[in-house]
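Heads up, the thing below is written out as structure tokens.
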Amino acid sequence: MRNLIDRMVGGAPCHRTLELARVTQAVHEVPGFLGPIDHHHLRLRIEYRPDATALRLEVEGDRLTMTAGGPAFCELGAAFASVEIGDGDFGMKPSADKKADPWWFWWMPRAVPAMTYDKRTK
């Protein structure tokens, strides 16, 4: 993920779409995880827009679309880099708007770094 973000930054607007796997039972058993959600998203579309000022994550049917640009996209890359080198977890606000839900990144049991966004935490 970090490599993809690094290659997108600074160029023209672009996007990539990734397939998403179901969350495993081991992830659901992590302390503090809220448990299974009712809907499974099949794909994640990452859109880079140089003029975007905040990170945005929206549900579009069975797909999540994450849009970012500028400093926010670089901060997202830094979040993945931090987890990748074993710094534990990383939290960030997707915008300067104090109402925005934070995004958290952490290592999953026997898996690659994961990202979560859960509206149920409100």
Side-chain angles (χ1 to χ4, degrees):
M1 182 68 91
R2 183 177 60 107
N3 187 19
L4 174 63
I5 290 169
D6 289 347
R7 287 184 285 135
M8 294 172 93
V9 170
C14 58
H15 71 273
R16 295 292 180 269
T17 301
L18 310 169
E19 289 187 33
L20 298 174
R22 284 200 172 272
V23 175
T24 66
Q25 185 62 34
V27 172
H28 292 301
E29 293 171 357
V30 170
F33 192 79
L34 296 176
I37 56 174
D38 296 332
H39 185 77
H40 170 67
H41 300 96
L42 300 175
R43 296 171 287 144
L44 170 65
R45 178 183 169 117
I46 302 172
E47 296 182 352
Y48 172 70
R49 294 187 187 160
D51 60 342
T53 59
L55 296 171
R56 189 182 72 199
L57 188 65
E58 297 177 324
V59 175
E60 297 176 350
D62 67 351
R63 179 179 77 190
L64 293 171
T65 298
M66 180 174 61
T67 305
F73 208 55
C74 292
E75 188 175 351
L76 180 63
F80 281 106
S82 178
V83 172
E84 187 177 280
I85 64 171
D87 283 345
D89 58 15
F90 185 98
M92 63 183 283
K93 288 279 192 176
S95 74
D97 179 353
K98 301 237 188 255
K99 298 176 186 172
D101 292 323
W103 292 11
W104 291 95
F105 303 82
W106 68 92
W107 281 109
M108 291 285 96
R110 298 176 300 281
V112 296
M115 181 179 79
T116 184
Y117 174 80
D118 193 335
K119 289 298 256 185
R120 297 178 301 164
T121 58
K122 284 188 165 186

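Just so you know, these numbers come straight off a predicted model, no measurement behind them.
P13 and P50 make their closest contact through CG-CD, 3.7 Å (heavy atoms, listed as atom of the first residue, atom of the second, distance). In terms of heavy atoms, H41 sits closest to L20 at O-CB, 3.5 Å. Residues C74 and V9 come closest through the heavy atom pair SG-CG1, 3.9 Å.
A distance of 12.5 Å separates CG of L4 from OH of Y48, quoted to the nearest 0.5 Å. With values rounded to the nearest 0.5 angstrom, L18 atom CG is found 13.0 Å from L42 atom CG. Rounded to the nearest 0.5 angstrom, I46 CD1 and M66 CE are separated by 4.0 Å. In this structure, F73 CZ and T53 OG1 are separated by 14.0 Å, a value rounded to the nearest 0.5 Å. A distance of 5.5 Å separates CG in L76 from CG in L55, rounded to the nearest 0.5 Å.
Residues meeting the salt bridge (Lys or Arg N to Asp or Glu O under 4.0 Å) test with R43, sequence neighbours left out: D62. By the side chain to side chain donor-acceptor pair (under 3.5 Å) test, E60 pairs with R63, T65, sequence neighbours left out.
The side-chain hydrogen bond (donor to acceptor under 3.5 Å, both in side chains) test with H15 singles out one residue from R49, R45, E47, and that residue is R45.
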